[in-house]
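Notes to accompany the following structure.
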Amino acid sequence: MSDFDWVFDDTPLNSDKSLNAPTKLELKRREREYIIDLQKKSLTELIPTLPPPDNDIYLITNGSGGTFKGTQANAIAFEFGHFVPQLQTMLGVSECYISTWTMNRYHAQSLLDMVADKRLSKLTVFTDPYFTTRESAVANMLMEGMITHGQRFLTFKNHCKILAMHGENGYCTVLSSANLSAQSRTENYVLNTDPKCYEWVVEGFFNAMLERVKDG
């Protein structure tokens with residue numbers, strides 16, 4: 001039995017399942033905002049408030065993130081994982097769904113801290129098996145903390161980078177090229193607050209995948 005051969009919330013941690021079919025959503029948009037971050041700005045500077053549901057924000061960053069340098073990097077740059085506390089501040093106590101290929105210790109600990117102090121009322125995390133094998137110490141820390149707080153974790157052949165959050169002040173979905181790790185490369189993000197997009201991601205991907213695994 002390996003460190004990861006356990007069952008949590010009736011859902012196997014490791015799965016060889018995939019979605020039954022591709023999922024698609026079409027939304028009519030009236031406005032789009034385009035941002036190319038060339039000046040190492042923080043996330044709070046680039047997105048100080050959430051856009052209305054009929055706006056999308058398209059963002060390309062300059063690869064200036066670097067949590068390996070410590071939390072001081074947050075003052076001049078940001079990474080995908082920094083969206084979680086930033087959006088939670090705007091949305092209020094939130095349900096949070098995250099899909100990533102891998103994750104570093106800084107962002108894993110940040111998620112656990114937000115669950116522990118109730119800023120996140122619900123947390124679901126999807127990763128690739130790469131995370132549990134190549135970053136086993138971080139993966140163990142994250143999974144043990146999530147078990148303690150009754151949250152859901154699943155690995156399968158997964159390369160989606162998605163964040164979906166819902167709080168008392170609204171909905172937010174972020175689709176990205178980045179993992180929850182130090183971003184030393186240029187990355188792209190699309191952010192919107194349309195409830196339909198949130199529902200599509202949560203029901204069509206996260207819940208559909210959990211149900212498919214549970215059903216065998």
Sequence neighbours excluded, which residues qualify as side-chain contact (heavy atoms from CB on, under 4.5 Å) partners of Arg105? Ala137, Val138, Met141
Determine whether Leu111 and Leu180 satisfy the following criterion, side chain to side chain contact (heavy atoms under 4.5 Å, CB included), listing intermediate values before the conclusion. CA-CA 11 Å; Leu111 292 175; Leu180 268 72; 4.2 Å; yes
Applying side chain to side chain contact (heavy atoms under 4.5 Å, CB included) to Leu175 and Lys161, what does each step give before you reach the verdict? CA-CA 6 Å; Leu175 306 179; Lys161 290 77 178 255; over 6 Å; no
Got a sec, which pairs hit side-chain hydrogen bond (donor to acceptor under 3.5 Å, both in side chains) with one end in residues 111-126, sequence neighbours left out? Tyr97-Lys122, Gln109-Asp113, Asp117-Arg119, Thr124-Arg152
Listed once per pair and sorted, the side-chain hydrogen bond (donor to acceptor under 3.5 Å, both in side chains) pairs that draw on residues 195-204, sequence neighbours left out: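 Listed once each, the pairs are Thr23-Trp200, Glu203-Asn207.
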If I compare all heavy atoms of [X] with all of [Y], which pair ends up nearest, and what's the gap?
X      : Y      : answer
Thr193 : Pro51  : OG1-O, 2.8 Å
Met165 : Leu120 : CE-CD2, 4.0 Å
Phe83  : Leu191 : CE2-CD1, 3.8 Å
Ser181 : Glu79  : O-OE1, 3.3 Å

4.5 Å side-chain heavy-atom contact, Leu91 and Tyr171: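 In short, these two side chains do not touch, never coming nearer than 4.5 Å.
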Hey, mind stepping through Ile60 and Thr186 against side chain to side chain contact (heavy atoms under 4.5 Å, CB included) and telling me if it holds? CA-CA 7 Å; Ile60 296 176; Thr186 298; 3.6 Å; yes
Between Glu187 and Ser177, does the side-chain hydrogen bond (donor to acceptor under 3.5 Å, both in side chains) criterion hold? Intermediate values first, please. CA-CA 6 Å; Glu187 304 283 1; Ser177 64; 2.4 Å; yes
Taking it one step at a time, do Glu33 and Tyr58 satisfy side chain to side chain contact (heavy atoms under 4.5 Å, CB included)? CA-CA 6 Å; Glu33 183 176 355; Tyr58 290 74; over 6 Å; no
Taking side chain to side chain donor-acceptor pair (under 3.5 Å) as the definition, give me every residue that meets it alongside [X], ordered by chain and number, with sequence neighbours left out.
X      : value
Asn169 : none
Thr100 : Asn179
Thr44  : Ser42

Same cluster or not: Trp101 versus Met209, using hydrophobic residues (I, L, V, M, F, W, Y) connected whenever any side-chain heavy atoms lie under 4.5 Å apart? no
Assigning hydrophobic clusters by single linkage (Ile, Leu, Val, Met, Phe, Trp, Tyr; side-chain heavy-atom cutoff under 4.5 Å), is Tyr130 placed with Phe126?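 No, no single cluster joins them.
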Any donor and acceptor pair, going by atom type alone, linking the side chain of Thr155 with main-chain N or O of Thr127 inside 3.5 Å?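 Looks like no, no N/O pair under 3.5 Å.
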Polar contact flag, side-chain donor to acceptor under 3.5 angstrom, Asn192-Thr173: no
